[in-house]
Asks: 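One structure coming up, written as structure tokens, with questions to follow.
Quick caveat: nothing in here was measured; it's all calculated off a predicted structure. Chain letters run A, B, ... following the sequence lines, proteins first, then strands; residues in each count from 1.
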Protein chains: 2
Amino acid sequence: MTDPEPTHDIEAVFREKGIPFTRQRRLIWDFFAGADRAATITEAADGLRSEGVGQATVYRTVALLGDLGLLARVQDRSGEICYTAPPIGHSHPLICGVCRRVVRFDGDGDVKELEARLSAATGFSIYGHHLEVYGICPDCRREEGAQA
Amino acid sequence: MTDPEPTHDIEAVFREKGIPFTRQRRLIWDFFAGADRAATITEAADGLRSEGVGQATVYRTVALLGDLGLLARVQDRSGEICYTAPPIGHSHPLICGVCRRVVRFDGDGDVKELEARLSAATGFSIYGHHLEVYGICPDCRREEGAQA
DNA sequence: CAGCGGTTGAGAACGGTTCTCACACGTCGT
DNA sequence: ACGACGTGTGAGAACCGTTCTCAACCGCTG
């Protein structure tokens, strides 16, 4: 069941839910999914303006994709809110705080166990978690070292 | 070194850094530290207006406390941004998505190991992580069950 | 007690996000 | 094929949370 190229299934996800997958939505999705690093809404809007995509649509679509679990919100070292397209399924981002490059990893094994413990200890019914790891990627570290 | 009542050390934290601990800052700190659930900036500003604390000061102080690591940003199930005062030291919040009650736990054992693996695998130098667990507390679950 | 740096409050300014509304598009029924 | 309808879209206005400005204030220090 683990799809090697889940990105292409987006259209199927929309179809299943009966949500139209329009030209604009495809463009916005491609923008985030095609980037190897997290991007802000403003960047997406700027980048897609020439394609005739309005910023209201970018906001709406990012919210929609977020609801569908297709876009994760992260932030860079300066605190700026960015979005990054995860592959379908559950994974966590390792983000370079400088260039916002995102590497995804599966840390659920570690977290699931923790959640079970927490649930038992507190009586909470746990419905989710949010795990991001921040670091500086090798490239940026080299640059920071150089200019320091 | 583990302080049983670290909350009272806030003043010391400020003093050490040479930052004045003013009346307003104390009120704002008490507001968050005294609550057993996460609160929004607006709530704090509303609650402290009668004490003569301006909203600009609330914003400034929340940012300051955040920088000092004394306030953590979380969000409830509706996505609203809230702040919660962690005890000094590293811990993670388990948040009730409905009433925003916060239970803190130490999940670092689980994460540290993961970070080491990630660092080795990717070459990133890891400087931090963000882990929150979301659930519904027993009280809210009872209520949701009742009205459903 | 005067001087001085840092903090504060009120209100203005700013900017990101959402809303409004007319129009375009695609779908479905006829 | 055609027309009505529901939905999505773009431009711009409106909104609202956040930040900035600036004069007044406070608590130090000498």
Asks: Is R60(A) side chain donor-acceptor paired with the dG10(D) base, going by distance under 3.5 Å alone?
Replies: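 In this structure, the two groups form a donor-acceptor pair.
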Asks: Measure CD1/I41(A) against P/dG15(C) and give the value in whole Å, please.
Replies: 17 Å
Asks: On DNA chain C, compare the nucleotides closest to P20(B) and A56(B); which residue's is nearer the 5' end?
Replies: P20(B)
Asks: Please report the distance, rounded to the nearest Å, between CG in L48(B) and P in dT8(C).
Replies: 12 Å
Asks: Please report the distance, rounded to the nearest Å, between CD in Q24(A) and C1' in dA24(C).
Replies: 10 Å
Asks: Let me know the distance between CD1 of I19(A) and P of dG6(D), rounded to the nearest Å.
Replies: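 Distance check: I19(A) CD1 to dG6(D) P gives 19 Å.
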Asks: Would you confirm whether R100(A), through its side chain, and D76(A), through its main-chain N or O, come within 3.5 Å as a donor-acceptor pair?
Replies: no
Asks: Under 3.5 Å, is there a donor-acceptor pair between the Q75(A) and R73(B) side chains?
Replies: yes
Asks: In whole Å, I'd like the distance from the CZ atom of F21(B) to the P atom of dG27(D).
Replies: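 From F21(B) CZ to dG27(D) P: 15 Å.
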Asks: Nearest-Å distance, CZ (R73(B)) to C1' (dT18(D))?
Replies: 13 Å
Asks: Side chains of H129(A) and H92(A): any donor to acceptor distance under 3.5 Å?
Replies: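 A donor-acceptor contact under 3.5 Å links the two side chains.
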Asks: How close or far is atom P of dG9(C) from atom CZ of R25(B), stated in whole angstroms?
Replies: 11 Å
Asks: Between dG16(C) atom P and E80(A) atom CD, what is the distance in whole Å?
Replies: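 After rounding, the reported distance stands at 9 Å.
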Asks: For the residue pair F14(B) and F21(B), categorise the inter-ring angle as parallel (less than 30°), tilted (30 to 60°) or perpendicular (more than 60°).
Replies: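 Correct class here is tilted.
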Asks: Taking only side-chain N and O atoms of T22(B), does any of them lie within less than 4.0 angstrom of OP1 or OP2 on dC26(D)?
Replies: no
Asks: Between dG16(C), dG8(D), dC19(C), which one does the side chain of Y59(A) approach most closely?
Replies: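 For Y59(A), the side-chain atoms sit closest to dG16(C).
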Asks: Please determine if a side-chain N or O atom of T57(B) lies less than 4.0 Å away from the OP1 or OP2 oxygen of dT7(C).
Replies: no
Asks: For Q55(A) and for T61(A), locate the closest nucleotide of DNA chain D by heavy-atom distance; then report the residue assigned to the nucleotide nearer the 5' terminus.
Replies: T61(A)
Asks: Given dT8(C), is OP1 or OP2 found less than 4.0 Å from the side-chain N or O atoms of R23(B)?
Replies: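 Negative; the distance criterion is not met.
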Asks: Return yes if some donor-acceptor pair links the side-chain N/O of T61(A) with the main-chain N/O of T57(A) below 3.5 Å, else return no.
Replies: yes
